Amino acid sequence: MFQVAAHPTSFDKHSYNHGSQRRPSAQAAPSVQLPRTLARPPYAEVSREAIVAAAPELADVPAEYIRRGLRPRANEMLAGISALAPSHLPSSMPRSRLPPSLSIPLRTTSSSQPTYPTHILAVTSSKNPSDTAQIFPVHSLVLAAQCSQLPCLPPSHQLPHSPTLQLPVLPLSIPSPAAFSVLHSYMYHHRLESVLKALFPMPSGFLHSLSHDAVQAALASGPTLHQLSSYLCSSVSGNPQALTSHAAHVKELWQTMAALGLHDPELWDTIDLAWEVILGAFNLAAAGPM
């Protein structure tokens, strides 16, 4: 089994006592302790050996060039994943009974040249051991070019023009399978708005075609952060339990990204923004109705 290791604003505090400023008759809620920031791990370049194992013809190509070259191919790779027959691709499987490989028939797709996946990851949580593994078809080069903490994936040999793929099944233990689902999608389409939508409610106008520049501008704007935090706080009616759940989602995404070694500046800035919004929402909830 693969197992991987686990901005200035107006919101300064990181200890929030919900209910402490509400009506005197209200029962005080316990304090929630959150880190002021989510630290980024030291940068580590992806493994050249992993890239060579996935695509020997790219042995001498810089990793950043490979990553840029993968982005225009996202649709054909996602079409390749969509071509796998759902009847032979369960969403989860018992970890104790994982087969060495899955034989999956291919369906016709609208893409003229789909790029089929090379492996199946059976993902479980390293924090909460369970016998249920979540199943994710992947392209080995996508992982090798973006995840510095993953080992080389074993070879995956397919017969040309075969109507069926024989995909090796690889167990992977990481902090959060749910967070990996978000990152799995991001590694293909690189849509920042999809990451934020998966974490907690955000204004649709802000999310529309969200760019990295917009994320950075929001991080540098106190009024924008306040607006986003107010939206989140209102969407949960100031409920501290709901905010704590949203904070846990952000933290799990951060932990899983760090565990994979996914060093993507756009994604890290987006996680920073999500955390700032969470902290602001907690402050607003603690202050009570305006």
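Computed from a predicted structure; not experimentally measured.
- Phe136 and Ile120 fall into different hydrophobic clusters, defined by Ile, Leu, Val, Met, Phe, Trp and Tyr side-chain heavy atoms under 4.5 Å apart, directly or through other members.
- With Gln146 contributing its side chain and Met187 its backbone, the two residues share a donor-acceptor pair below 3.5 Å.
- Residues Phe200 and Ile278 meet the side-chain proximity criterion, which asks for heavy atoms closer than 4.5 Å.
- Two different hydrophobic clusters hold Leu167 and Val138 under the rule that ILVMFWY side chains link at heavy-atom gaps under 4.5 Å.
- Salt bridge present: Arg36 and Glu276 bring a charged side-chain N and a carboxylate O closer than 4.0 Å.
- Between Val182 and Ala198 the shortest heavy-atom distance is CG2-CB, 3.7 Å.
- If you take CG on Leu78 and NE2 on His189, they are separated by 7.5 Å, rounding to the nearest 0.5 Å.
- Distance alone, capped at 3.5 Å, is enough to place a donor-acceptor pair between the Ser125 side chain and the Pro175 backbone.
- Rounding to the nearest 0.5 Å places CG of Leu150 at 6.0 Å from CG of Leu143.
- Under a 3.5 Å cut-off, the side chain of Trp275 and the backbone N or O of Pro35 do form a donor-acceptor pair.
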Start with the C-alpha distance between Leu84 and Leu102, add both sets of side-chain angles, then the distance that settles side chain to side chain contact (heavy atoms under 4.5 Å, CB included), and finish with yes or no. CA-CA 11 Å; Leu84 303 180; Leu102 285 177; over 6 Å; no

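- Using a distance-only test at 3.5 Å, with no hydrogens or angles considered, a donor-acceptor pair links the side chain of Ser47 to the main chain of Glu49.
- Remark: the backbone N or O of Pro94 is not paired with any side-chain donor or acceptor of Thr132 at under 3.5 angstrom.
- Asp264 and Tyr186 share a donor-acceptor pair across their side chains, judged by distance under 3.5 Å alone.
- Side-chain contact check for Phe206 versus Leu210: some heavy-atom pair is nearer than 4.5 Å.
- Residues Glu266 and His190 form no side-chain contact, since every pair of their non-hydrogen atoms from C-beta on lies 4.5 Å or further apart.
- Residues Pro201 and Leu232 have side chains in contact (heavy-atom distance under 4.5 Å, counting atoms from C-beta outward).
- Between Thr124 and Ser130 the shortest side-chain heavy-atom distance does not fall below 4.5 Å.
- Using a distance-only test at 3.5 Å, with no hydrogens or angles considered, no donor-acceptor pair links the side chain of Asp269 to the main chain of His212.
- To the nearest 0.5 Å, atoms OG (Ser229) and CZ (Phe282) are separated by 11.0 Å.
- Closest approach of Val169 and Pro99 over heavy atoms only: CB-O, 3.3 Å.
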Applying side chain to side chain donor-acceptor pair (under 3.5 Å), run through Tyr116 and His139 and close with a yes or a no. CA-CA 8 Å; Tyr116 299 118; His139 295 76; over 6 Å; no

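- Closest non-hydrogen pair, Ser162 versus Leu106, comes out as O-CD1, 3.7 Å.
- Ionic pairing of Arg40 and Asp272 is present here: one or more N-O contacts between side-chain nitrogen and carboxylate oxygen are shorter than 4.0 angstrom.
- Between Arg48 and Asp60, none of the side-chain N atoms (NZ, or NE/NH1/NH2) sits under 4.0 Å from a carboxylate O, so this pair counts as no salt bridge.
- Residues Leu153 and Val123 share a single hydrophobic cluster, defined by chaining ILVMFWY side chains whose heavy atoms lie under 4.5 Å apart.
- Note that the CG atom of Leu267 and the CG atom of Leu183 stand 6.0 Å from one another [nearest 0.5 Å].
- At least one side-chain heavy atom of Pro117 sits less than 4.5 Å from a side-chain heavy atom of Leu165.
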Evaluate the criterion side chain to side chain contact (heavy atoms under 4.5 Å, CB included) for residue pair Met93 and Gln134; output intermediate values, then yes/no. CA-CA 7 Å; Met93 300 181 70; Gln134 303 300 313; over 6 Å; no

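- Glu193 and Lys197 are not joined by a salt bridge, as no carboxylate oxygen comes within less than 4.0 angstrom of a charged side-chain nitrogen.
- Between the CE atom in Met257 and the OG1 atom in Thr270 there is a gap of 8.5 Å [rounded to 0.5 Å].
- For Gln158, the side-chain hydrogen bond (donor to acceptor under 3.5 Å, both in side chains) test picks out Ser156, with sequence neighbours left out.
- Although no hydrogens or angles enter the test, the distance criterion places a donor-acceptor pair under 3.5 Å between the side chain of Ser126 and the main chain of Ile174.
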Where do Leu192 and Leu207 land on the side chain to side chain contact (heavy atoms under 4.5 Å, CB included) test, with the steps shown first? CA-CA 8 Å; Leu192 300 176; Leu207 291 177; over 6 Å; no

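- When atom types are taken as modelled, the side chain of Ser221 and the backbone of Ala217 share no donor-acceptor pair closer than 3.5 angstrom.
- Proximity of Ser176 to Leu253: side-chain heavy atoms (C-beta onward) are nowhere separated by under 4.5 Å.
- Closest of all the heavy-atom pairs between His88 and Pro105 is CG-CD, 3.4 Å.
- When all heavy atoms of Gln149 and Ala259 are compared, the closest pair comes out as CB-O, 3.1 Å.
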Apply the test side chain to side chain contact (heavy atoms under 4.5 Å, CB included) to residues Thr224 and Leu219: give CA-CA distance (whole Å), side-chain angles for both, the deciding distance (0.1 Å), then the verdict. CA-CA 8 Å; Thr224 300; Leu219 280 168; over 6 Å; no

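- Considering every non-hydrogen atom in both Ala54 and Ala144, the closest pair reads CB-CB, 4.4 Å.
- A donor-acceptor pair is defined here as one N or O able to donate and one able to accept, closer than 3.5 Å; such a pair exists between the side chain of His184 and the backbone of Pro137.
- For Glu45 and Arg67, the salt-bridge test passes: some basic side-chain N is under 4.0 Å from an acidic carboxylate O.
- Within the 4.5 Å cutoff, no side-chain heavy atoms of Trp268 are placed close to those of Leu38.
- There is a path of hydrophobic side-chain contacts, each under 4.5 Å, that joins Ile81 to Leu170.
- Checked by atom type, the side-chain pair Gln166/Ser101 shows a donor-acceptor distance below 3.5 Å.
- Here the straight-line distance linking atom CE of Met77 with atom OH of Tyr188 works out to 6.0 Å at 0.5 Å rounding.
- Linking ILVMFWY side-chain heavy atoms closer than 4.5 Å, directly or via other members, places Val236 and Leu196 in a single hydrophobic cluster.
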